[in-house]
Number of protein chains: 2
Amino acid sequence: MPVNCRNCPIRRRDCFLPMSDSEIEAMGRFKSGELTVGPRSSILMEGSNSPQLFTVLEGQGLRYKVLENGRRQVISFVFPGDFLGLQAGVMSEMKHSVESATSMRLCVFERANLWSFFRDHPERAFDLTWLAAVEEHFLGEKVLSLGQRSATERIAWAFLRVWERLGALGLRTNGAVPFPHRQQDLADALGLSLVHTNKTLARLRQLQVAGWSDGWLSVFDPGTLADLALADPGEAVPRRPLL
Amino acid sequence: MPVNCRNCPIRRRDCFLPMSDSEIEAMGRFKSGELTVGPRSSILMEGSNSPQLFTVLEGQGLRYKVLENGRRQVISFVFPGDFLGLQAGVMSEMKHSVESATSMRLCVFERANLWSFFRDHPERAFDLTWLAAVEEHFLGEKVLSLGQRSATERIAWAFLRVWERLGALGLRTNGAVPFPHRQQDLADALGLSLVHTNKTLARLRQLQVAGWSDGWLSVFDPGTLADLALADPGEAVPRRPLL
DNA sequence: CGAATGTTTGATCCTTGTCAACTGCTGTGG
DNA sequence: CCACAGCAGTTGACAAGGATCAAACATTCG
């Protein structure tokens with residue numbers, strides 16, 4: 001199978017930094033194929049011990065956990081460049097589930113090769129650790145949000161982050177980015193009820209600050225949005241790893 | 001300086017799994033010393049670019065972030081075996097602050113040596129990634145809690161996790177573990193107000209399920225606690241990594 | 001002893017969740 | 001072609017869990 005990993009996110013560092021030919025050669029031996037899944041389909045299941053790891057090339061999805069009483073928490077939204085399955089890779093099993101929102105194209109790796117990959121390509125191992133640290137950072141921000149921000153602040157914050165992140169991926173077209181989820185998904189992500197989420201969204205729309213409909217998120221006034229979110233507008237995605 | 005890393009948590013995998021002599025030799029070159037800090041002192045600051053990384057040998061502390069409006073979120077409590085500063089290590093700066101609750105003894109590493117460490121010791125690099133993945137798992141659980149659990153459920157869940165984790169470290173003496181924090185810290189960790197936290201604690205104490213005073217957390221009835229927490233009592237700390 | 005810090009308790013308010021009904025859209029089958 | 005079900009979004013009324021305010025109490029420490 002021809003391997004086209006020139007933009008493979010596992011070596012993204014700065015969002016899809018291109019790889020050298022020898023790097024592609026090395027990655028190619030790790031990569032085992034590509035996978036395309038339809039919308040709303042399950043990619044990884046909590047508790048499963050998936051033999052494959054993925055990197056997102058296209059499309060969006062979400063990670064989630066469910067409580068014993070059935071309530072669902074969306075841990076994070078999944079964007080192009082994200083790495084899926086690290087937990088299954090280094091621990092014995094996945095600690096959350098992943099499903100697609102739109103149809104997605106995934107780069108597939110064999111978990112079994114992860115170890116030799118670490119041994120033979122320390123730079124790539126470092127990248128992986130970097131990805132994990134970035135993920136940890138995002139989760140830390142999310143914890144801060146859920147713990148300390150009000151409903152409006154949470155939504156404003158989420159909009160800002162999504163908008164910035166997708167913008168950094170070059171997916172922004174005059175102020176709008178694709179955000180193909182349901183209101184229920186956002187509610188579950190922010191720990192709010194669907195009804196309250198809806199009403200808060202209406203308020204933001206009415207304030208002419210940001211709007212989200214038909215799967216597109218538009219930010220009209222990033223400044224006020226940042227104010228509403230109690231967030232520094234500039235500090236979105238960490239971009240300059242060491243080395 | 002004599003290096004005593006036989007139980008260094010960076011190679012813990014299964015909570016302080018002893019290292020072989022050659023491993024200790026290798027670690028020794030990475031380790032640069034030990035540090036002891038007093039209670040309530042700052043170890044790492046958000047935004048700083050610390051030249052040192054730490055591993056906790058003794059004592060407890062907490063990681064936190066503060067919002068622009070001054071509200072504080074405790075990201076997680078820090079226990080022996082935790083690794084501090086990974087973000088500063090692989091990203092440009094720390095994304096949260098760390099401070100001690102009790103006095104702490106820390107194992108100190110030079111950040112500058114991290115890269116060669118990755119190159120020369122792929123197994124240890126793998127361990128580091130594993131630590132990051134475990135941290136990610138804990139944060140995911142925390143997000144679930146903050147998003148979907150009620151006040152009582154959150155406190156019950158926190159107590160259960162702390163009790164299990166410290167128990168696994170061998171710090172449990174007839175049902176009680178050291179948990180040297182203030183009610184305000186727990187409140188900030190769970191996104192609750194101090195007052196409500198206090199009242200909920202009183203209720204748990206009155207129910208004879210768990211009690212926390214003078215820095216010691218006692219769990220009298222793990223079963224009911226797990227029920228209250230909507231949690232599976234068994235799934236505490238992931239223990240069996242690959243390789 | 002007074003000051004500082006942390007815990008406890010009561011009264012009140014308000015943000016958010018719950019319940020319920022209605023809209024608009026899309027796809028399906030008679 | 002229409003009836004209908006199913007799903008996502010919208011809106012109003014009401015209830016409640018938790019926040020806020022305020023004050024008392026206990027300990028420690030200089």
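Per chain, numbering begins at 1; letters A, B, ... match sequence-line order.
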Using a heavy-atom cut-off of 4.0 Å across all strands, would you classify A:L201 as base, sugar-phosphate, or nothing? nothing

Which part of the nucleic acid does B:G191 contact within heavy-atom distance under 4.0 Å: base, sugar-phosphate only, or nothing? sugar-phosphate

Side chain of B:R182 only, please: which of C:dT18, D:dT10, C:dG6 is the nearest? C:dG6

Measure CZ/A:R149 against C1'/D:dG18 and give the value in whole Å, please. 20 Å

Under 4.0 Å, counting only non-hydrogen atoms across every strand here, what does A:L194 touch: a base, just sugar-phosphate, or nothing? nothing

Under 4.0 Å from OP1 or OP2 of D:dT10: is there any side-chain N or O of A:Q183 that close? yes

Is there a donor and acceptor pair, one atom on the side chain of A:K199 and one on the base of D:dG9, closer than 3.5 Å? no

Classify the nucleic acid contact of A:S150 as base, sugar-phosphate or nothing, counting any heavy atom under 4.0 Å across all strands shown. sugar-phosphate

A:L186 CG to C:dT16 C1': how many Å, rounded? 15 Å

Please report, rounded to the nearest Å, how far the P atom of C:dG6 is from the NE2 atom of B:H181. 13 Å

From the list C:dT9, D:dA19, C:dC19, which nucleotide is the closest neighbour of the side chain of B:S193? D:dA19

Determine, for A:W212 and A:R205, whether the Lys NZ or Arg CZ falls below 6.0 Å from the six-membered ring centre while staying within 45 degrees of the axis. no

Among the nucleotides D:dG18, D:dT10, C:dT18, which one has an atom lying closest to any side-chain atom of A:V195? C:dT18

Would you say A:R154 reaches C:dT16's phosphate, i.e. side-chain N/O to OP1/OP2 under 4.0 Å? no

Taken to the nearest whole Å, CG/B:L190 to C1'/D:dG18 is 13 Å

Hey, can you tell me if B:F179 and B:F159 have their rings parallel, tilted or perpendicular (30° and 60° cut-offs)? perpendicular

Atom pair distance, as rounded to whole Å: CG in B:N198 and C1' in C:dG10: 12 Å

Testing C:dG17, D:dG18, D:dT11 for proximity to the side chain of A:A202, the answer is D:dT11

